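Notes follow the structure.
Numbers here simply count residues along the sequence, with the first being 1. Computed from a predicted structure; not experimentally measured.
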Amino acid sequence: MAEGVSLDMTEMRDWSFGLFECYKDIPICLLTLVCPWVTQVMTAHTAGLLGIARAFLAIVSACLFILFLNVMFQWTLVLSFIQVVEKPDMQSVNELNHHGHEVLVFFTVLVLMLVSLAVIHLVLIVFMRSQVRELYNIPGSLAEDCCVVTCCKDCATCQMYQEVRQRALDGSESQYMLRE
């Protein structure tokens, strides 16, 4: 073994890829831009963070359910509007006005639910980034993770995936090193 070479796995090492080096893997970069949850679940799974992967899948499911509710509610609103246009009597106009208040309440609830899911999603990404840093002994802080994820979520997602994949391919660290 060469002098000065250490096999100490507790040694601090920086990220193998810079935050803005997404372009080094164009397919992952595009996948992250179009559907970031897929890259996040792949990263969590590859790093052995299965609890986080399940949480991302739960958020995606909840978002799809909310979008489904939104489409169904808008469809019923369109049908109500068509009914008023076909027979514009005062009762139909009053019903449409009543539906307008229901729509406002419903959309307010939907927006609050989507904002809540977005905040939870960001918190999960910050948590996953801190877990990846801990797993591979990369220096940094929770505050730094929060800033990076808040300012450039997609770049941070690409960076984490590239790091986890590279380390798994190198075989220098086990794919599932994280303590349960």
Side-chain angles (χ1 to χ4, degrees), residues 6-71 107-180:
S6 172
L7 291 177
D8 185 12
M9 296 300 281
T10 61
E11 181 180 305
M12 297 290 262
R13 294 188 283 174
D14 210 359
W15 293 93
S16 301
F17 298 89
L19 183 61
F20 300 112
E21 292 182 6
C22 314
Y23 62 87
K24 289 189 175 183
D25 191 345
I26 298 297
I28 290 300
C29 183
L30 293 175
L31 177 65
T32 303
L33 287 173
V34 173
C35 193
W37 292 298
V38 173
T39 309
Q40 292 157 1
V41 169
M42 288 180 353
T43 302
H45 179 72
T46 304
L49 305 170
L50 299 182
I52 295 175
R54 288 185 190 110
F56 280 125
L57 290 174
I59 287 176
V60 170
S61 301
C63 285
L64 290 176
F65 179 70
I66 290 171
L67 291 175
F68 171 76
L69 287 177
N70 187 11
V71 168
F107 283 130
T108 303
V109 169
L110 280 181
V111 166
L112 289 175
M113 289 170 61
L114 287 174
V115 167
S116 299
L117 286 173
V119 169
I120 292 169
H121 183 228
L122 285 175
V123 168
L124 275 173
I125 296 171
V126 169
F127 180 70
M128 182 169 68
R129 185 174 170 86
S130 69
Q131 291 297 304
V132 168
R133 276 192 315 94
E134 180 183 321
L135 177 65
Y136 298 122
N137 210 15
I138 298 171
S141 66
L142 186 59
E144 179 184 308
D145 294 337
C146 287
C147 290
V148 167
V149 169
T150 302
C151 294
C152 200
K153 173 183 67 69
D154 292 336
C155 291
T157 299
C158 285
Q159 181 188 36
M160 284 187 291
Y161 179 75
Q162 289 172 330
E163 186 74 30
V164 167
R165 185 186 61 196
Q166 183 65 41
R167 302 246 181 150
L169 290 175
D170 285 350
S172 58
E173 283 98 8
S174 170
Q175 185 174 5
Y176 301 103
M177 284 178 48
L178 194 63
R179 300 168 292 287
E180 292 297 326

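Interatomic distance, CE of Met128 versus OG1 of Thr43, reported as 5.0 Å (0.5 Å rounding). Between atom OG1 of residue Thr157 and atom CD of residue Gln162 there is a gap of 11.0 Å, rounded to the nearest 0.5 Å. Between atom CD1 of residue Ile138 and atom OG of residue Ser16 there is a gap of 6.5 Å, rounded to the nearest 0.5 Å. The distance from the CG atom of Leu122 to the NZ atom of Lys153 is 7.0 Å, given to the nearest 0.5 Å. To the nearest 0.5 angstrom, Lys24 atom NZ is 6.5 Å from Phe17 atom CZ. Interatomic distance, CD of Glu163 versus OH of Tyr136, reported as 7.5 Å (0.5 Å rounding).
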Practice problem: Take Val164 and Leu135 through the test side chain to side chain contact (heavy atoms under 4.5 Å, CB included) and record every step on the way to the result. | Solution: CA-CA 10 Å; Val164 167; Leu135 177 65; 5.7 Å; no
Quiz prompt | Candidate pair Met160 and Ile125, rule side chain to side chain contact (heavy atoms under 4.5 Å, CB included), full reasoning | solution = CA-CA 10 Å; Met160 284 187 291; Ile125 296 171; 3.9 Å; yes
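Counting heavy atoms from C-beta on, the side chains of Gln40 and Leu124 never come closer than 4.5 Å. With contacts defined as side-chain heavy-atom distances shorter than 4.5 Å, the pair Glu21/Tyr23 qualifies.
The two residues Leu19 and Cys22 come nearest to each other via the heavy atoms O-SG, 3.8 Å.
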Can I get a per-line list of side-chain donor-acceptor pairs under 3.5 Å for residues 31-38, giving both atom names and the distance, sequence neighbours left out?
unit_1: Thr32; atom_1: OG1; unit_2: Ile28; atom_2: O; d: 2.7
unit_1: Thr32; atom_1: OG1; unit_2: Thr39; atom_2: OG1; d: 2.9
unit_1: Trp37; atom_1: NE1; unit_2: His121; atom_2: NE2; d: 3.1

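In this view, Asp145 and Arg129, Arg133 satisfy the salt bridge (Lys or Arg N to Asp or Glu O under 4.0 Å) rule, not counting sequence neighbours. The side-chain contact (heavy atoms from CB on, under 4.5 Å) search around Cys152 returns Phe20, Cys155, not counting sequence neighbours.
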